[in-house]
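What follows is a short report on a single structure.
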There are 2 protein chains.
Amino acid sequence: MIDMTRTFAALSDPTRLSLVEYLMRQGEQPAGALSELTDISAPAVSRHLKVLREAGVIGQRVAGTHRYYSVNPEAMRAIASWTMDHKAFWAGSLERLDGLLAIDPEGEE
Amino acid sequence: MIDMTRTFAALSDPTRLSLVEYLMRQGEQPAGALSELTDISAPAVSRHLKVLREAGVIGQRVAGTHRYYSVNPEAMRAIASWTMDHKAFWAGSLERLDGLLAIDPEGEE
DNA sequence: CCTTTATTTCACACAACCGTTAATTAAAGA
DNA sequence: TCTTTAATTAACGGTTGTGTGAAATAAAGG
C-alpha cells in the first residue's frame, strides 16, 4: 500500500522534484547523469535518490558499478488517483473536469 | 503560478493530509470542526491550516469569529495535471491509463 | 593486484518543522 | 461593557531534513 504522505514528502524538495521530472523526460538514467544536473554534491544527490526510492517514486536497476534510476509509473498513478478519489468533492466543485485529464499517450502533439 | 514543491510539502504531513481529505469529503468546515478531528492542539491545527492555505491547497472564508476552510479545486487539478504532463513518460511506460482517470461525478455509486 | 571510476555511507553542522502552553485578537451575547 | 467563544500568533524545545567533505565499497581495467 502506498503511503501518500511519504510520496508527497519525496516530491516536496526542489532537487528531488527536478530529478523526477528529468527522469520522466529522459527515461532511465544512471546516478552520475543525475548528479551532473544539480549544483549539490554527489552524496547529497545519492541521498535524495534514496528518499525517492524508499517512497516508491523511483526504482533502481543495478548493472556493474552503475545504478540506473527510473520513475515508477505506479507512483504517478497513485498521485493522480488520490486527487480523483473524491467524487463528491469534484461533483460539488464548479470545475468541469470532463476531458481535463483525457490523456492520450499515442495521440496528438 | 503554482509551486508544486510547496503543494507537495503541504500534503506531506499526516495531519494536513487528513484535514484535506476530510474537507474533500465534508466540504467547507470551520477551524473548530477541523480541530476536533485531531489529537493535537488547536494552535497546531491552526498552523497546519496556514501552511495549506499559503500553498494554495485550501481557501478561507471569514464570517464573524469563524473561519471556514475548503479545498481549492485548482490545487487538486494542478496535482493531477503534473502527473499527466509527461506524455513521453506515460507512452513509454507499460501502464495502460485509458479510463483509469475516467472520473464521473454524476455517475454511479 | 593495484588503480581508477561509480556510487554510497558516515559524521557533523545548521536550518526548518512541529508540538506545547501562554498570550493576543476580535466578534457575539448577556 | 464585560464575559465568553473562536481562532490565531508568540515563544520555546525537540526532532527531522539537507548540505558538506572524508571514508568506504565494489566493479572495471591496465
Side-chain angles (χ1 to χ4, degrees), chain A residues 2-23 26-72 75 79, chain B residues 3-23 26-72 75:
Chain A
I2 290 179
D3 176 348
M4 291 311 294
T5 62
R6 204 165 203 204
T7 301
F8 288 135
L11 299 172
S12 70
D13 177 86
T15 299
R16 287 196 296 266
L17 192 69
S18 295
L19 291 171
V20 171
E21 289 174 340
Y22 183 75
L23 286 174
Q26 303 299 127
E28 189 184 59
Q29 296 289 325
L34 298 172
S35 193
E36 287 171 12
L37 280 182
T38 75
D39 294 336
I40 66 178
S41 65
V45 171
S46 181
R47 200 167 40 202
H48 280 306
L49 291 170
K50 187 178 185 179
V51 170
L52 288 167
R53 190 160 44 81
E54 289 180 346
V57 174
I58 63 176
Q60 188 190 53
R61 180 171 67 86
V62 178
T65 65
H66 296 256
R67 278 87 205 269
Y68 292 92
Y69 291 95
S70 57
V71 173
N72 178 9
I79 294 168
Chain B
D3 176 349
M4 292 310 295
T5 62
R6 206 166 203 204
T7 301
F8 289 135
L11 298 173
S12 70
D13 176 87
T15 299
R16 287 196 295 266
L17 192 70
S18 295
L19 290 171
V20 170
E21 289 174 340
Y22 182 75
L23 286 173
Q26 302 298 127
E28 190 183 59
Q29 296 288 326
L34 298 172
S35 193
E36 288 172 11
L37 281 183
T38 75
D39 293 337
I40 66 178
S41 66
V45 172
S46 181
R47 202 169 37 203
H48 281 306
L49 292 170
K50 187 178 185 179
V51 170
L52 288 167
R53 188 158 47 79
E54 288 179 346
V57 175
I58 63 176
Q60 190 191 52
R61 181 172 66 86
V62 178
T65 64
H66 295 257
R67 280 86 203 271
Y68 292 92
Y69 291 95
S70 57
V71 173
N72 178 10

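None of the values given here were measured: they were computed from a predicted structure. So you know, we letter chains A, B, ... as the sequences are listed, proteins then strands, and number each from 1.
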Q) Base, sugar-phosphate alone, or nothing: which one does A:Ala31 contact when heavy atoms must sit under 4.0 Å apart? A) sugar-phosphate
**Q.** DNA chain C-proximal residues of residues 48-64 of chain B, any heavy atom under 4.0 Å
**A.** B:His48, B:Gly64
Q | Non-hydrogen side-chain atoms of B:Ile40 and B:His48 separated by less than 4.5 Å | A | yes
(Q) Donor-acceptor check, side chain of A:Ser46 to backbone of A:Ala42, threshold 3.5 angstrom: yes or no? (A) no
Q. Which nucleotide, D:dA26, C:dA22, C:dG19, lies nearest any side-chain atom of B:Pro43?
A. C:dA22
Q: Tell me whether the OP1 or OP2 atom of D:dT8 has a side-chain N or O from B:Tyr69 closer than 4.0 Å.
A: yes
Q. Rounded to whole angstrom units, what separation is found between the OH atom of A:Tyr68 and the P atom of D:dA27?
A. 15 Å
**Q.** Separation of C:dT20 C1' from B:Ile40 CD1 (nearest whole Å)
**A.** 11 Å
Q: Report yes if some heavy atom in the side chain of B:Leu23 is under 4.5 Å from a heavy atom in the side chain of B:Glu28; otherwise report no.
A: no
Q) Using a cut-off of less than 4.0 Å, is there contact between a side-chain N or O of A:Ser41 and OP1 or OP2 of D:dT20? A) yes
Q. What is the distance, rounded to the nearest whole Å, between atom NE2 of B:His66 and atom C1' of C:dG29?
A. 12 Å
Q. Rounding to a whole Å, what distance do you find between A:Gln29:CD and C:dA6:C1'?
A. 15 Å
Q | Nearest-Å distance for atom pair CG/P, residues A:Asp13 and C:dA16 | A | 13 Å
**Q.** Nearest-neighbour nucleotide for the A:Ala44 side chain, D:dT8, D:dT20, C:dG19 considered
**A.** D:dT20
Q) Can you tell me how far P of D:dA7 sits from CG of B:Leu37, to the nearest Å? A) 13 Å
(Q) Strictly below 4.0 Å: does B:Ser46 bring a side-chain N or O up to OP1 or OP2 of D:dT8? (A) yes
Q.
Should the side chain of A:Arg47 and the base of D:dG19 be counted as holding a donor-acceptor pair, with the cut-off at 3.5 Å?
A. yes
Q) Can you name the residues that form a side-chain hydrogen bond (donor to acceptor under 3.5 Å, both in side chains) with A:Gln60, not counting sequence neighbours? A) A:Tyr69
(Q) From CG of A:Asp39 over to P of D:dG21, roughly how many Å is that when rounded to an integer? (A) 13 Å
N/O donor to acceptor pairs below 3.5 angstrom from side-chain atoms of residues 4-11 of chain B, sequence neighbours left out:
unit_1, atom_1, unit_2, atom_2, d
B:Thr5, OG1, B:Asp3, OD1, 2.7
B:Arg6, NH1, B:Glu54, O, 3.4
B:Thr7, OG1, B:Asp3, O, 3.2

Q. Distance from A:Leu17 atom CG to A:Leu52 atom CG, nearest 0.5 Å?
A. 9.0 Å
Q) To the nearest 0.5 Å, how far apart are OG in B:Ser35 and CG in B:Leu49? A) 8.5 Å
(Q) What's the closest nucleotide to the side chain of B:Ala42 if the choices are D:dA27, D:dT8, C:dT7? (A) D:dT8
